[in-house]
Asker: 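Here's a structure for you.
Keep in mind that what you see is a predicted model, and the values were worked out from it rather than measured.
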Amino acid sequence: MQARLELAGVSKFYGETCAVDALDLKIPAGTYCCLLGPSGCGKTSTLRMIAGHEATSRGDIILGSSNVTDLPPAKRGTAMMFQSYALFPHLSVLDNVAFALKMRGIDKAARHAKARDLLKLVHMEPYAERLPAQLSGGQQQRVALARALITEPQILLLDEPLSALDPFLRVKMRGELKRLQRELGITFIHVTHGQEEAMAVADLVVLMNGGRIEQQGTPREVFNRPRTAFVARFIGGHNVIARDDHEIAVRADRLSLHRGAAPREADALIATVSEVEYQGSFVQIALSSTAGDLVAQLPEADFDAAPFAVGEGVTAAWLPMAAHPLEGPHL
């Protein structure tokens with residue numbers, strides 16, 4: 001069963017330190033939501049309060065029509081997959097997945113049947129009799145997912161689920177997470193500090209900073225229309241440029257470089273090439289200017305036709321329509 005989640009004025013204090021500051025957030029049922037932000041921004045504390053592993057200092061957590069703020073984790077309709085996976089080393093894969101049902105008094109045949117169904121869903125059925133130590137990191141993650149799903153939660157909470165995996169497997173597993181979320185139709189809330197990860201899987205990105213929400217929206221909205229300089233810098237791929245009494249964001253792939261004057265219709269800055277990095281389909285060029293450090297991304301063919309060298313003076317230009325005005329922090 002699907003249910004929407006609402007956080008209403010939720011705060012978390014550790015002594016005098018405010019980790020989460022009066023958070024208001026509505027997550028529609030069946031959404032893949034990523035809580036994104038740097039270390040210490042409050043995203044993990046928020047996830048743990050939703051799970052019931054941390055008490056709220058203020059505010060309410062509402063799941064569907066029920067206020068679950070004071071309920072224990074097992075009564076909330078949520079399940080959490082921990083960063084460490086936390087599998088029982090002495091139990092088989094099958095018994096790890098079935099463990100929560102054993103605690104509920106479900107008979108062995110019934111709980112094993114349901115556990116096998118979930119192992120099939122995560123492509124781990126052939127490994128049912130193995131111990132966790134006999135599995136790779138990616139396989140352990142799939143088992144942890146199946147174990148979290150066996151209680152049929154309305155919301156699955158994932159704390160940095162891909163951080164322990166190598167880059168190749170991380171890309172593969174984020175596709176698997178998105179597939180599972182689509183097939184199950186339940187809400188996933190996924191904490192990460194990786195903007196590429198969030199952009200790849202999320203329907204809703206919630207970017208946090210200093211215990212508050214800096215911006216939320218679809219990945220395209222947040223990337224193409226960053227509200228503040230913090231968002232533009234954290235999401236990446238943007239230059240933040242001071243213009244008179246305000247700042248603008250210009251995407252790195254929309255900054256062009258010229259050895260002479262810029263096109264008449266463009267805005268421009270004089271800059272010096274400080275670094276050149278080959279990135280496969282494009283070449284990334286770092287620049288220093290009086291307006292600060294800039295980055296331009298040029299298609300490989302364009303760079304090869306007229307290469308730039310470190311130390312070379314250039315004109316960095318952008319069309320006015322490529323500039324996005326930025327606001328101050330927080331609404």
Asker: Between atom CG of Leu326 and atom CZ of Arg243, what is the distance when rounded to the nearest 0.5 Å?
Answerer: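 One gets 13.0 Å once the value is rounded to the nearest 0.5 Å.
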Asker: Between Met208 and Leu23, is any pair of side-chain heavy atoms under 4.5 Å apart?
Answerer: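 Met208 vs Leu23: side chains touch.
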Asker: Among Ile, Leu, Val, Met, Phe, Trp and Tyr joined by side-chain contacts under 4.5 Å, find the other residues sharing a cluster with Val314 and list them by chain and number.
Answerer: Ile241, Ile248, Val250, Leu255, Leu257, Leu269, Val273, Val276, Tyr278, Val283, Ile285, Leu287, Leu294, Leu298, Phe303, Phe308, Val310, Trp318
Asker: Is the shortest side-chain heavy-atom distance between Phe282 and Pro299 below 4.5 Å?
Answerer: no
Asker: Identify the two heavy atoms, one from Gly37 and one from Lys43, that lie closest to each other, and give their separation to 0.1 Å.
Answerer: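 Closest heavy-atom pair between Gly37 and Lys43: O-NZ, 2.9 Å.
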Asker: Are more than 12 heavy atoms from other residues, nucleotides or ligands located less than 6.0 Å from atom NE2 of His112?
Answerer: yes
Asker: Can you tell me how far the CG atom of Leu180 sits from the CG atom of Leu149, to the nearest 0.5 Å?
Answerer: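 So the CG of Leu180 and the CG of Leu149 are separated by 7.0 Å.
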Asker: Honestly curious: do Val206 and Val222 fall in one hydrophobic cluster under the side-chain, below-4.5 Å linking rule?
Answerer: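 No, it is not one cluster - the side chains of Val206 and Val222 are not joined through contacts under 4.5 Å.
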Asker: Between Glu327 and Arg227, is the closest basic N to carboxylate O distance under 4.0 Å?
Answerer: yes
Asker: When you look at Thr187 and Gln154, which way does the side chain to side chain contact (heavy atoms under 4.5 Å, CB included) test go after all the steps?
Answerer: CA-CA 7 Å; Thr187 300; Gln154 296 176 73; over 6 Å; no
Asker: For Arg142 and Val122, indicate whether the former's side chain and the latter's backbone hold a donor-acceptor pair under 3.5 Å.
Answerer: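 Confirmed, Arg142 side chain pairs with Val122 backbone.
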Asker: Do Gln297 and Gln284 get their side chains close enough for a donor-acceptor pair, meaning under 3.5 Å?
Answerer: yes
Asker: Any luck finding a side-chain donor-acceptor pair between Asn239 and Arg251 under 3.5 Å?
Answerer: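 No, no side-chain donor-acceptor contact under 3.5 Å.
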Asker: Under a 3.5 Å threshold, yes or no: a donor from one side chain and an acceptor from the other, between Ser45 and Tyr14?
Answerer: yes
Asker: Do His238 side-chain atoms and Phe223 backbone N/O form a donor-acceptor pair below 3.5 Å?
Answerer: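 Judged by distance alone, yes, a pair lies under 3.5 Å.
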Asker: Please report the shortest heavy-atom distance between Ser289 and Ile270, naming the atom on each side.
Answerer: CB-O, 3.5 Å
Asker: Among Thr56, Asp60, Thr69, which residue satisfies the side-chain contact (heavy atoms from CB on, under 4.5 Å) criterion with Val10?
Answerer: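 One option only clears the test, and that one is Thr56.
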Asker: For Phe230, what residues pass the ring-ring contact (aromatic ring centres under 6.0 Å, His included) criterion, not counting sequence neighbours?
Answerer: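 Scan of Phe230 (ring-ring contact (aromatic ring centres under 6.0 Å, His included), adjacent residues dropped) gives Phe234.
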Asker: Among Val191, Leu35, Leu177, which residue satisfies the side-chain contact (heavy atoms from CB on, under 4.5 Å) criterion with Leu158?
Answerer: Leu177
Asker: Would you say Pro38 and His193 make side-chain contact, with heavy atoms under 4.5 Å?
Answerer: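 With C-beta onward as the side chain, the pair stays apart.
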Asker: Set out, in order, the CA-CA distance, both residues' side-chain angles and the distance that settles salt bridge (charged side-chain N to carboxylate O under 4.0 Å, His left out) for Lys12 and Glu54, then state yes or no.
Answerer: CA-CA 9 Å; Lys12 180 63 182 179; Glu54 293 276 1; 3.6 Å; yes
Asker: Ser288 and Thr272: side chain to side chain contact (heavy atoms under 4.5 Å, CB included), yes or no, with the steps?
Answerer: CA-CA 5 Å; Ser288 58; Thr272 302; 3.8 Å; yes
Asker: Which atom names give the shortest non-hydrogen contact between Asn96 and Pro132, and what distance separates them?
Answerer: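 Shortest heavy-atom contact: ND2-CG, 3.7 Å.
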Asker: Over all heavy atoms of both residues, which pair between Arg116 and Ala128 is shortest? Give the atoms and the distance, please.
Answerer: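 So the two residues come closest at NH1-CB, 3.7 Å.
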Asker: Search all heavy atoms of Gly217 against all heavy atoms of Glu221 and return the closest pair with its distance.
Answerer: CA-OE1, 3.3 Å
Asker: Does Phe168 have Lys172 sitting over its ring (NZ/CZ under 6.0 Å from centre, angle to axis within 45°)?
Answerer: no
Asker: Looking at OG1 of Thr192 and CG of Leu162, how far apart are the two atoms once the value is rounded to the nearest 0.5 Å?
Answerer: 7.0 Å
Asker: Is Val68 reachable from Ile62 through a run of I, L, V, M, F, W or Y residues, each pair having side-chain heavy atoms under 4.5 Å apart?
Answerer: no
Asker: So that I can tick it off, tell me whether Lys178 and Glu183 are bridged by a salt bridge, with the cut-off set at under 4.0 angstrom between side-chain N and carboxylate O.
Answerer: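 No, Glu183 and Lys178 are not salt-bridged.
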Asker: Output yes when a side-chain donor or acceptor of Thr31 lies under 3.5 Å from a complementary backbone atom of Ile27, and no otherwise.
Answerer: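 No, because the side chain of Thr31 does not come within donor-acceptor range (under 3.5 Å) of the backbone of Ile27.
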Asker: Using the test ring-ring contact (aromatic ring centres under 6.0 Å, His included), find all partners of Tyr32 that sit at least two apart in sequence or belong to another chain.
Answerer: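 So Tyr32 forms a ring-ring contact (aromatic ring centres under 6.0 Å, His included) with Phe188, His190.
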Asker: Should the heavy atoms of other residues, nucleotides or ligands under 6.0 Å from NZ of Lys114 be counted, would the total exceed 12?
Answerer: yes
Asker: Less than 4.5 Å apart, side chain to side chain, heavy atoms only: is that true for Leu7 and Val20?
Answerer: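 When only atoms from C-beta onward are counted, Val20 and Leu7 do not touch, as no gap falls below 4.5 Å.
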Asker: Can Arg147 be said to sit on top of Phe88's aromatic six-ring, NZ or CZ under 6.0 Å from centre and within 45° of the ring axis?
Answerer: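 Because its charged atom sits under 6.0 Å from the ring centre and within 45° of the axis, Arg147 does stack over Phe88.
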Asker: Contact between Glu197 and Leu36 at the side-chain level, heavy atoms closer than 4.5 Å - yes or no?
Answerer: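 No, too far: nothing below the 4.5 Å cut-off.
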Asker: Is atom CZ of Arg220 surrounded by more than 12 heavy atoms (other residues, nucleotides or ligands) closer than 6.0 Å?
Answerer: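 For Arg220, atom CZ is not crowded (no more than 12 foreign heavy atoms under 6.0 Å).
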Asker: Is Arg170 paired with Glu196 through a side-chain N to carboxylate O contact shorter than 4.0 Å?
Answerer: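 Salt bridge flag = no for Arg170 with Glu196.
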Asker: Report whether Leu47 and Leu204 are members of the same hydrophobic cluster (ILVMFWY, side-chain heavy atoms less than 4.5 Å apart, transitive linking).
Answerer: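 Yes; tracing contacts between hydrophobic side chains, which count when under 4.5 Å, links both residues.
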Asker: Do Ser92 and Glu129 get their side chains close enough for a donor-acceptor pair, meaning under 3.5 Å?
Answerer: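 Absent: no donor and acceptor within the cut-off.
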Asker: Quick one: do Glu6 and Leu25 satisfy side chain to side chain contact (heavy atoms under 4.5 Å, CB included)? Show the steps, please.
Answerer: CA-CA 6 Å; Glu6 180 177 356; Leu25 176 63; over 6 Å; no
Asker: Following the transitive rule for hydrophobic clusters with a side-chain heavy-atom cut-off under 4.5 Å over Ile, Leu, Val, Met, Phe, Trp and Tyr, establish whether Leu101 and Ile186 coincide in one cluster.
Answerer: yes
Asker: Is there a side-chain contact between Gln141 and Met81, using heavy atoms and a 4.5 Å cut-off?
Answerer: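 A side-chain contact under 4.5 Å exists here.
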Asker: State plainly whether one hydrophobic cluster holds both Leu119 and Phe99, where clusters connect Ile, Leu, Val, Met, Phe, Trp and Tyr through side-chain heavy atoms under 4.5 angstrom apart.
Answerer: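 Each belongs to a different hydrophobic cluster.
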Asker: Does CZ belonging to Arg4 count more than 12 external heavy atoms closer than 6.0 Å?
Answerer: yes
Asker: Quick one: CG on Leu5 to SG on Cys33, what's the gap to the nearest 0.5 Å?
Answerer: 8.5 Å
Asker: Passes side chain to side chain contact (heavy atoms under 4.5 Å, CB included), Leu131 versus His90? Steps please.
Answerer: CA-CA 7 Å; Leu131 295 173; His90 61 290; 5.9 Å; no
Asker: Is it true that Thr228 and Gln215 share a donor-acceptor pair across their side chains at a distance under 3.5 Å?
Answerer: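 The answer is no; no qualifying pair exists.
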Asker: I need the minimum non-hydrogen distance between Pro226 and Val231, along with the two atoms involved.
Answerer: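 Distance-wise, the nearest heavy atoms are CB-CG1, 3.7 Å.
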Asker: Let me confirm one number: the CG-CZ distance from Leu94 to Arg111, rounded to the nearest 0.5 Å.
Answerer: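 Between atom CG of Leu94 and atom CZ of Arg111 there are 9.0 Å.
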Asker: How long is the span from the SG atom in Cys41 to the CG atom in Leu207, to the nearest 0.5 Å?
Answerer: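 It comes to 7.5 Å.
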Asker: Can you check whether Gln279 reaches Glu300 side chain to side chain, under 4.5 Å on heavy atoms?
Answerer: no
Asker: Side-chain contact test, heavy atoms from C-beta onward, threshold under 4.5 Å: evaluate it for Pro320 versus Asp267 and give yes or no.
Answerer: yes
